[in-house]
Number of protein chains: 2
Amino acid sequence: MSLTEAKQHPDTRERILDAAEALFVEHGFEATTMRMITGRAGVNLAAINYHFGSKEALIQDVFRRRLTWLNEERLRALERFEKEARGAPLKPHQIVEAFFGVSLRMAADTEHGGHTFMRLLGRTYTEPSAFVRQFLADEYAAVVPRFKQALFRSLPDVPPEEILWRFHFMLGAMSYAIAGTDALQLVAEHELDEKDPEALSRRLMPFLLGGLRAPLAGQAVKTKEKSPRKAA
Amino acid sequence: MSLTEAKQHPDTRERILDAAEALFVEHGFEATTMRMITGRAGVNLAAINYHFGSKEALIQDVFRRRLTWLNEERLRALERFEKEARGAPLKPHQIVEAFFGVSLRMAADTEHGGHTFMRLLGRTYTEPSAFVRQFLADEYAAVVPRFKQALFRSLPDVPPEEILWRFHFMLGAMSYAIAGTDALQLVAEHELDEKDPEALSRRLMPFLLGGLRAPLAGQAVKTKEKSPRKAA
DNA sequence: GTATCATTCAAACGGCCGTTTGAAACGAGC
DNA sequence: GCTCGTTTCAAACGGCCGTTTGAATGATAC
């Protein structure tokens, strides 16, 4: 009874997932040891293998816990817009909003770990480990084709291949934006004002749309001409 | 003499740097072991500690070997434009060309390892390891303020803070673009055509410029609503 | 109480890590 | 030839890795 003063164990699994998530962001998968995780979580070393089976399985569960919901939410947002449109092609800003807006909203949640997770996710797109990449590919299998198709319909004048590249560029911009302050300090030696995450969305979304709808590089843009400002 | 048929050792240091560079891209710093590096380089395990002192020092030398030149080249390109301009502010596309064009040109060099290095560099912006981040900050100390100043002058109507963020977004887009095919396969399950690196430049530069010059989010760009939310 | 199941624990396992060592091999100058 | 400084080599070092074990503990139902 009174022997254990703070020993309460409010779901060992969850404590481990939280600790692992934070440590993976800080140090990466390989550099994060089981002893670091269990130490931070305040549980026994063997708890990871007992509850998850292996370190690899733990990594996958860290992603599954939030990524499944995130992708479902992305699809729900897209479908909401498509319902509104009644069969008409969506506007680019709607598609961008459905995919990246949902992500940024999760990144804005600093209370329940959404921010930490989105940083991890951004870091992981470039993660080379084979099994992680395979895992991500599976998790995205349901959502990516839907957004590709929506973009193709939305921008019929842009070659599909070009659209895929720009989608990729947008992913990169967002990931850096969220992984954020770390790399940013390279650019701005002093803290860039607030952590206000809604502000990030206000900054990032125009950039993404500007890039997505930029004129194609059909011919050299370099000439002295005055870059024909095309109105949307 | 004829005893050694293929034993020729064309600079052990260089062989180690090449092997390490490639392996760091594939597996990350932590997951790449000295034995993997020396094995691939065909040199003795102790050679790394003999020639570089430690694994950490090797990592730094891998970067120094190319990054110093890259940043000097970036500065040279910027200064060339500034000389042309005779004191007038540069055009955004010139600044972007000076910074990112040089990078993309190095990424286009698949013969001498420039491509491998740029992939590593992109991966490393999000690298959390403290000493790597500190090292990068030092290496960029000479070049970043120059480009910041050029951008501020080039876009006097855009708040400096906004410019820094957009520079950051551009960095992210480029890094993903170069780190490239790996994360891209998430989006395009089949190979995206060529590896032609000049094509990447043709695709990326319009995107970057479109993002950089996108209208601010001050007011809604879209006709529908005015997004009355305003705090700042 | 006793039996049953899930969970926690301290301790140990083999294996690979980055690094060090001392001797062997090499090469240039004489 | 020999010397001397540089480079390579096989072998070993202590230490930490992810995982496993078997016993202790807790909770639940009878």
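Each chain gets a letter, A, B and so on, in the order the sequences are listed, and its residues count up from 1.
When each of V43(A) and F29(B) is assigned the nucleotide of DNA chain C with its nearest heavy atom, V43(A) is the one assigned upstream, toward the 5' end.
R74(A) meets the side-chain hydrogen bond (donor to acceptor under 3.5 Å, both in side chains) test with N71(A), S103(A), Y140(A); sequence neighbours excluded.
With hydrogens and angles disregarded, no donor-acceptor distance shorter than 3.5 Å links the side chain of S154(A) to the backbone of A150(A). A donor-acceptor pair is defined here as one N or O able to donate and one able to accept, closer than 3.5 Å; such a pair exists between the side chain of H115(A) and the backbone of A107(A). No donor-acceptor distance shorter than 3.5 angstrom exists from the side chain of R40(B) to the backbone of A19(B), with no hydrogens or angles considered.
Of the residues in residues 16-23 of chain A, none lies under 4.0 Å from DNA chain C by heavy-atom distance. Looking at residues 51-63 of chain A, you'll see H51(A) sit with a heavy atom under 4.0 Å from some atom of DNA chain C.
Residues R105(A) and E73(A) are not paired through a salt bridge, judged by the lack of any N-O separation under 4.0 Å between the basic side chain and the carboxylate. The pair D138(A)-R64(A) does not meet the salt-bridge criterion, since no charged nitrogen lies less than 4.0 angstrom from a carboxylate oxygen. Ionic pairing of E82(A) and R146(A) is present here: one or more N-O contacts between side-chain nitrogen and carboxylate oxygen are shorter than 4.0 angstrom.
Between M36(B) atom CE and dC17(C) atom P there is a gap of 8 Å when expressed in whole angstrom units. Per the geometry, CZ belonging to R35(A) stands 14 Å off C1' belonging to dC9(C), to the nearest Å. Spacing between atom NE2 of H27(B) and atom P of dC17(C) amounts to 12 Å, rounded to whole angstrom units. Straight-line distance from the CG atom of N49(A) to the P atom of dC9(C): 15 Å, rounded to whole Å. Put simply, CD1 on I48(B) is 15 Å from C1' on dT7(D), counting in whole angstrom units. The OH-P distance, from Y50(B) to dG5(D), rounds to 12 Å in whole Å.
Summarising the geometry, atom CG belonging to L120(B) is positioned 11.5 Å from atom CD1 belonging to I178(B); distances are rounded to the nearest 0.5 Å.
If you check every strand for non-hydrogen atoms under 4.0 Å, T32(A) touches sugar and phosphate atoms only. Contact annotation for A46(A): base contact, defined as any heavy-atom pair under 4.0 Å involving a base atom. Counting non-hydrogen atoms under 4.0 angstrom, L45(A) reaches a base of the nucleic acid.
For dC16(C), the OP1/OP2 oxygens have no side-chain nitrogen or oxygen of T33(B) closer than 4.0 Å. At dT7(C), none of the side-chain N or O atoms of N44(A) fall inside 4.0 Å of OP1 or OP2 (strictly under the cut-off). Distances shown here put every side-chain N or O of T12(B) at or beyond 4.0 Å from the OP1 or OP2 atom of dT7(D).
Closest to the side chain of M34(B), from the set dT8(C), dG18(C), dT19(D), is dG18(C).
Ring-plane geometry between F167(A) and F147(A) is classed as parallel, the angle between the planes falling under 30 degrees on a 0 to 90 degree scale with a further cut at 60.
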